[in-house]
Amino acid sequence: MADIKPFKAYRPIKDKVGRVSALPYDVFSRKEAYEEVKRNPDSFLAIDRPETQFAEDYDMYAPEVYQKAHDMLWGQIESGVFEQDETNCYYIYEQTMNGRTQTGIVACASIDDYLNNVIKKHENTRAEKEEDRIKHVYTCEAQTGPIFLCYRNNKMLSDLVAKIKEVDEPVYDFTSDDGVKNRVWIISDLEETETICRVFATIDSIYIADGHHRCASAVKVGLKKREENAGKVKGKQQYDYFLSVLFPDNELMIMDYNRVVKDLNGLTAGEFLGKLEDMFDIEKASDAVKPSCKGEFGLFLEDNWYKLVAKEHIKKSDAVEGLDVSLLQNEVLSPILGIGDPRTDKRIDFVGGIRGLKELEDRCHKDMKLAFSMYPTSIAELFDVADAERLMPPKSTWFEPKLLSGLFIHALI
C-alpha cells in the first residue's frame with residue numbers, strides 16, 4: 001500500500017513565483033540553459049543547471065558546480081525568495097494547456113515503495129544520467145524537481161480535490177513561459193490531510209509517468225543517507241521520501257513520440273517502400289499523416305507522406321511487443337534500416353509530439369532522410385507494461401505539460 005505523505009514545502013513567495021519556477025532541467029540543452037538563465041536570472045534553472053554560473057567550457061560535473069547550486073538555493077531561502085509552510089501539507093497543482101486541465105496532488109512518496117515495486121517503473125535508467133542528479137540532490141540537500149506519478153482514478157480523492165478547488169482560493173495563479181496556466185492550493189486542514197494519506201494507503205500501485213532518472217537518483221540519495229546515519233536516528237527521515245506530483249490516470253494525456261532516421265541503410269526509396277508492403281497497407285497521402293488509431297503510422301519520405309496500416313500478421317498481443325513503438329522497431333527500424341539499439345544509434349532521433357508534424361518535415365529537409373509519425377502510447381498500455389514488471393522501448397511516451405521545477409522544494413534536512 002502506498003505511503004504518500006504531506007510535507008513542509010519551501011515555495012517561492014507569491015510575487016516571485018512566475019519568474020522563479022522553471023521548466024525541468026532536462027528539457028534544455030547546455031546552450032539553451034545558458035540562454036534561458038541569461039534571459040531570466042531569477043529562473044530556478046540557474047540552480048537546476050548550476051553550470052550556467054560558470055564559463056561555457058567549464059566542467060559541468062565538477063564538485064564546485066554542485067556546491068554553487070547548494071549555495072544559491074539556500075541563499076535564496078535565507079533571503080526570503082522562498083518561504084516554508086509551518087505544518088505538513090499536501091498541495092493541489094493544476095495545469096491547463098490548450099484547454100485541457102490536469103490536477104495532481106503534491107506530496108512525498110516513499111523510497112521503500114519504489115524499492116518494493118509499489119511505485120512501478122516502465123523504463124530503464126542510465127547510470128551516467130543518474131549520477132548528475134544524485135550529486136545535485138545530495139549536495140543541495142534538497143529535491144527541487146518533482147517526479148511525475150500517476151494512479152488509477154480514485155473517486156474519494158477526486159471529490160476532495162474538486163471540493164477544495166471550488167471552495168478555497170489558490171495560493172498561486174500564473175501562466176508560465178510555455179503558455180501553461182498553473183494554479184496551486186494548500187491543503188493544511190488536519191482532517192483533509194489524514195483523509196488523503198489514508199486513501200493513498202489503500203492504493204496498491206502507483207506508476208512513474210515521467211522522471212525515471214530523477215526518481216532513481218532520489219532513491220539512491222536516500223539509501224546513501226540511510227547508510228551514513230545508521231544507528232544515529234530512529235524512524236523515517238525526510239530523505240526516506242522524494243518529491244512527487246500524483247495525477248489520476250483519467251486526466252492525463254500521452255502525446256506521440258515520433259522518429260526521424262538519417263538514411264535508408266543503402267536502399268532506394270522504392271526498395272524501402274517495397275519491403276514495407278509485406279507488413280503494411282500503404283496509401284500515399286496529400287497531407288501530413290497524424291495516425292488516428294493503434295497500428296497506424298505516418299511516413300514522410302522524399303517530400304511525400306504515406307499512411308501505413310499494420311497488417312494482422314505483424315500485430316502482437318504481448319504488453320511490450322504489442323506496442324506500436326515495438327512494432328516499428330522490430331519490423332522496420334531494426335531488420336530493414338539496421339537500427340539495432342535506438343538508445344545508442346546515432347542514425348535515429350526522437351521528436352516529441354509537442355513539436356508537431358511540421359518538425360518532422362523540417363528535420364528531413366535539414367539532417368534526416370525519413371520520419372515516422374506515431375499513434376501515442378496509452379496510459380492503459382503503460383500500466384500493463386509496469387504491472388507485468390516489463391520495460392517499454394526507449395522514447396515511448398511524451399507527457400505534456402511538464403511539471404515546473406522550483407515551485408515546490410523538499411528539503412532533506
Could you measure the distance from the [atom1] atom of [X] to the [atom2] atom of [Y]? Nearest 0.5 Å is fine.
X	Y	atom1	atom2	answer
D249	L382	CG	CG	10.0 Å
L360	S373	CG	OG	6.5 Å
L276	L299	CG	CG	6.5 Å
R226	K232	CZ	NZ	15.5 Å
S176	M97	OG	CE	9.5 Å
K68	C140	NZ	SG	12.0 Å

Inset, instruction - Start with the C-alpha gap between F297 and Y375, add the side-chain angles, then the distance that decides, and say whether ring-ring contact (aromatic ring centres under 6.0 Å, His included) holds. - result: CA-CA 7 Å; F297 304 80; Y375 187 71; 9.6 Å; no
Heavy atoms only: give me the nearest [X]-[Y] pair and the separation to one decimal.
X	Y	value
V65	D59	CG2-O, 3.4 Å
T139	H70	O-CD2, 3.0 Å
D345	G340	OD2-N, 4.3 Å
G406	P12	O-CG, 3.2 Å
L273	I282	O-CD1, 3.7 Å
L301	Y306	O-CE1, 4.2 Å

Is it true that [X] and [Y] have a side-chain N and a carboxylate O under 4.0 angstrom from each other?
X	Y	value
D173	K181	yes
D362	K366	no
K290	D256	yes
D112	K236	yes
R100	E251	no
R390	D318	yes
R49	E36	no
K395	D349	no
K311	D278	no
K31	E35	yes

Inset, instruction - List the steps, then state whether side-chain contact (heavy atoms from CB on, under 4.5 Å) holds for N153 with F247. - result: CA-CA 8 Å; N153 183 44; F247 291 90; over 6 Å; no
Is the backbone N or O of [Y] less than 3.5 Å from a side-chain atom of [X], with the two atoms forming a donor-acceptor pair by type?
X	Y	result
R214	I147	no
S334	G338	no
W74	E141	no
T96	G99	no
D113	D3	yes
N258	M374	yes
Y66	P50	no
D159	M156	no
Y93	L404	yes
S43	A46	no

Legend entry - Intermediate values then yes/no, side-chain contact (heavy atoms from CB on, under 4.5 Å), H365 and F300: CA-CA 11 Å; H365 294 147; F300 185 70; 4.1 Å; yes
Inset, instruction - List the steps and the verdict of side-chain contact (heavy atoms from CB on, under 4.5 Å) for C215 and F242. - result: CA-CA 8 Å; C215 191; F242 57 88; 3.6 Å; yes
Inset, instruction - Kindly assign one of parallel, tilted or perpendicular to the pair F372 and F272, based on the angle between their ring planes and the thresholds 30° and 60°. - result: perpendicular
Inset, instruction - Anything under 30° is parallel, anything over 60° is perpendicular, the rest tilted; go ahead and classify F7 against Y91. - result: perpendicular
Legend entry - Set of ring pair (Phe, Tyr, Trp, His ring centres under 6.0 Å) partners for F174, sequence neighbours left out: none
Inset, instruction - Quick one: list whatever passes ring pair (Phe, Tyr, Trp, His ring centres under 6.0 Å) with F200, sequence neighbours left out. - result: Y151
Can you sort out the partners of [X] under side-chain contact (heavy atoms from CB on, under 4.5 Å), two or more places apart, ordered by chain and number?
X	result
D387	K120, R152, S205, Y207, F383
Q238	K5, H410
K165	I92, E94, T103, V161, W185

Inset, instruction - Kindly indicate, with the supporting measurements, whether the criterion salt bridge (charged side-chain N to carboxylate O under 4.0 Å, His left out) is fulfilled by K315 and E312. - result: CA-CA 5 Å; K315 295 180 180 179; E312 287 299 320; 3.0 Å; yes
Check whether any side-chain heavy atom of [X] lies under 4.5 Å from a side-chain heavy atom of [Y], and answer yes or no.
X	Y	answer
L337	L370	yes
M392	T377	yes
V260	F350	no
N265	I339	no

Inset, instruction - Measure from NZ or CZ of K224 to the centre of the six-membered ring of Y138, then state whether that distance is under 6.0 Å and the direction lies within 45° of the axis. - result: yes
Inset, instruction - Any chance you could lay out the side-chain contact (heavy atoms from CB on, under 4.5 Å) test for T193 and N88, step after step, and finish with the verdict? - result: CA-CA 9 Å; T193 59; N88 287 326; over 6 Å; no
Legend entry - Verdict with supporting geometry, H122 and H212, ring-ring contact (aromatic ring centres under 6.0 Å, His included): CA-CA 8 Å; H122 67 266; H212 281 77; 4.5 Å; yes
Inset, instruction - With K220 as reference, evaluate E131, K225, E130 under the side-chain contact (heavy atoms from CB on, under 4.5 Å) test and give the passing residue. - result: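 Option passing the side-chain contact (heavy atoms from CB on, under 4.5 Å) with K220: E130.
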Legend entry - Partner of I119 by side-chain contact (heavy atoms from CB on, under 4.5 Å), out of I111, I208, V219: I208
Legend entry - Any pair counted as side-chain hydrogen bond (donor to acceptor under 3.5 Å, both in side chains), so long as it reaches residues 320-333, sequence neighbours left out: E321-N330
